[in-house]
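Quick notes on the structure that follows.
Every value quoted in this text rests on a predicted model; they were computed, and no experiment measured them. We name chains A, B, ... by the order of the sequence lines, and we start the count at 1 in each one.
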Number of protein chains: 2
Amino acid sequence: MTPKPTAPYRPRTLAPMQRVAGLDYGVLDELLGYALRRAQVAMFLAFHAATRGQDITPPRFTALVIVGANPGISQTALGNVLGIARSGAMVLTDWFQARGLIARRRAPDDRRAWGLHLTARGERMVRSMTRKVVALDRRRAAVLNGEERRQLLSLLNKLAA
Amino acid sequence: MTPKPTAPYRPRTLAPMQRVAGLDYGVLDELLGYALRRAQVAMFLAFHAATRGQDITPPRFTALVIVGANPGISQTALGNVLGIARSGAMVLTDWFQARGLIARRRAPDDRRAWGLHLTARGERMVRSMTRKVVALDRRRAAVLNGEERRQLLSLLNKLAA
DNA sequence: GGGGATTTGTTATAGACCACTACAATCGGC
DNA sequence: GCCGATTGTAGTGGTCTATAACAAATCCCC
């Protein structure tokens, strides 16, 4: 139960997928998948820069927001939202619990399951992180005007559906 | 030099980031970063399904295309395109070489560097994979009309720049 | 031209992330 | 009450990629 000492988070991808001048990208320039990946890496690096030193990753941020907005959610359901297996959801929950951000409480209607809840500290954390992430997202999207941004969001959601 | 037996490739993310009905996604619904990630995971899973059993991953496909379009490119330059460190570019190159898809030839103007080239087999492979990947990309983008697709590509590229 | 800084490829090491499996406790339907 | 499904858990293994350190070659600048 004592917080395990863990190494500070280091993003797995440190470098952007550089657009190298004078190089032929062949078919890649026509692929949505490639553009998607490049944009995502850029966004990921910006996320990391904006939250540096806080050991927060995109999946962790997602988890905090989801638990905050859906108190009592089970670990399995959280895993489904994140697209990870139950075992992974548990590691994640342990991590938050060790830091006093999430508390496990027995679900009233199912004694197998835990209900996940933000602690007071978790609430503060998610509010603070949300401010930073929203600001970063807006900053990163500053190359687009409002209409383009809305369009992009809508097109991406279509694609993910 | 004999091809090392490697376990068949298994994507690290097997499950989509499900849109769970009745769940509150809070601020996530407003974030480009989250939409980007969801779309990318969906595309990645489709990629894996379309290339199943061939041990090809998006980065590997990218590498093959880049080497094919830029014969003689160095390992370091390839790493830059992919956004990975030199050591990683080398592991990747070893992997291709062990399968007879890429050959290392000494660069004529720099005796430190290798020039990477597709073998005949590599050429065939990249052509075959390209067909599959382009078809998949088009299929996946079928929810968009041509104009939307062009717009999305353009917006993503703006975002990644 | 010579010498220090830089670059390239390489090897070794380590860490983060995540899946899979097996297990016990619990639930649900019949 | 019983059997299959589900939940959380612990253990294990594999993939990917970074970092550090090194030798050989190159570059650059005076």
Problem set entry | Contact pattern, 5' to 3', of nucleotides 23-29 of chain D - B, S or - by protein heavy atom under 4.0 Å | -BBS---
Exercise. Considering heavy-atom distances to DNA chain D, does Ala113(A) or Asp94(A) have its closest nucleotide positioned more toward the 5' end?
Worked result: Ala113(A)
Sequence neighbours left out, cut at 3.5 Å: what donor-acceptor pairs do the side chains of residues 109-116 of chain A make with other protein atoms?
residue	atom	partner	partner atom	Å
Asp110(A)	OD1	Arg112(A)	N	2.9
Asp110(A)	OD1	Arg112(A)	NE	3.2
Asp110(A)	OD2	Arg112(A)	NH2	2.9

For this session: Using a cut-off of strictly less than 4.0 Å, decide whether Arg60(B) has a side-chain nitrogen or oxygen near OP1 or OP2 of dC16(D).
Result: yes
For this session: Return the value, rounded to whole Å, for the distance between atom CG of Leu78(A) and atom P of dT9(D).
Result: 13 Å
Exercise. Hey, does the side chain of Arg104(A) come within less than 4.0 Å of dT9(D)'s phosphate (OP1/OP2), counting only N and O?
Worked result: yes
For this session: Please report, rounded to the nearest Å, how far the P atom of dT6(D) is from the CD1 atom of Ile73(A).
Result: 18 Å
Exercise. So, is the end of the Arg37(A) side chain (NZ or CZ) under 6.0 Å from the ring centre of Phe44(B) and within 45° of the ring's axis?
Worked result: no
Problem set entry | Under the side chain to side chain contact (heavy atoms under 4.5 Å, CB included) test, residues paired with Thr119(A) that sit two or more places apart | Ala103(A), Arg121(A)
Exercise. What is the distance, rounded to the nearest whole Å, between atom CG of Leu116(B) and atom C1' of dT8(C)?
Worked result: 12 Å
Seminar exercise, completed: Here the distance between atom P of dT17(D) and atom CD of Gln75(B), to the nearest Å, is 15 Å
Exercise. Going by the salt bridge (Lys or Arg N to Asp or Glu O under 4.0 Å) test, which pairs reach into residues 64-79 of chain A, not counting sequence neighbours?
Worked result: none
Exercise. Got a sec, which residues hit side chain to side chain contact (heavy atoms under 4.5 Å, CB included) with Ala141(A), two or more places apart in sequence or on another chain?
Worked result: Arg149(A), Leu32(B)
Problem set entry | Nucleotide nearest Ile84(A) (side chain, heavy atoms from C-beta), chosen from dC18(C), dT17(D), dG8(D) | dC18(C)
Exercise. Rounding to a whole Å, what distance do you find between Met90(A):CE and dC20(C):P?
Worked result: 18 Å
Under 3.5 Å, sequence neighbours excluded: what are the donor-acceptor pairs made by side chains of residues 74-91 of chain A?
residue	atom	partner	partner atom	Å
Ser74(A)	OG	Ala77(A)	N	3.1
Gln75(A)	OE1	Arg104(A)	NE	2.8
Gln75(A)	OE1	Arg104(A)	NH2	2.9

For this session: Cation-pi check, Arg140(A) to Phe47(A): give yes when NZ or CZ is under 6.0 Å from the six-membered ring centre and within 45° of the ring axis, no otherwise.
Result: no
Exercise. Are OP1 or OP2 of dG11(D) and a side-chain N or O of Ser87(A) less than 4.0 angstrom apart?
Worked result: no
Problem set entry | dT9(D) OP1/OP2 closer than 4.0 Å to side-chain N/O of Trp114(A) | yes
For this session: For Arg86(A) and dA22(C), give me the distance from atom CZ to atom P, rounded to whole Å.
Result: 13 Å
Exercise. Given axes from five pairs at either end, by how many degrees does the helix from dG1(C)-dC30(D) to dC30(C)-dG1(D) bend, rounded to 10°?
Worked result: 40°
Problem set entry | For Glu148(A), all residues meeting salt bridge (Lys or Arg N to Asp or Glu O under 4.0 Å), sequence neighbours excluded | Lys158(B)
Exercise. Atom CE of Met17(A) and atom P of dC16(D): how far apart are they, to the nearest Å?
Worked result: 15 Å
Distance-only criterion, 3.5 Å: show the donor-acceptor pairs between side-chain atoms of residues 123-136 of chain B and protein atoms not counting sequence neighbours.
residue	atom	partner	partner atom	Å
Thr130(B)	OG1	Val126(B)	O	2.6
Lys132(B)	NZ	Gln54(B)	OE1	2.5

Exercise. Checking Asp29(B) side chain against Tyr25(B) main chain: does a donor-acceptor pair fall under 3.5 Å?
Worked result: no
Exercise. Across the strands shown, which category fits Ala85(A) at heavy-atom distances under 4.0 angstrom: base, sugar-phosphate, nothing?
Worked result: sugar-phosphate
Exercise. Between Gln97(A) (CD) and dT9(D) (C1'), how many Å, whole number?
Worked result: 13 Å
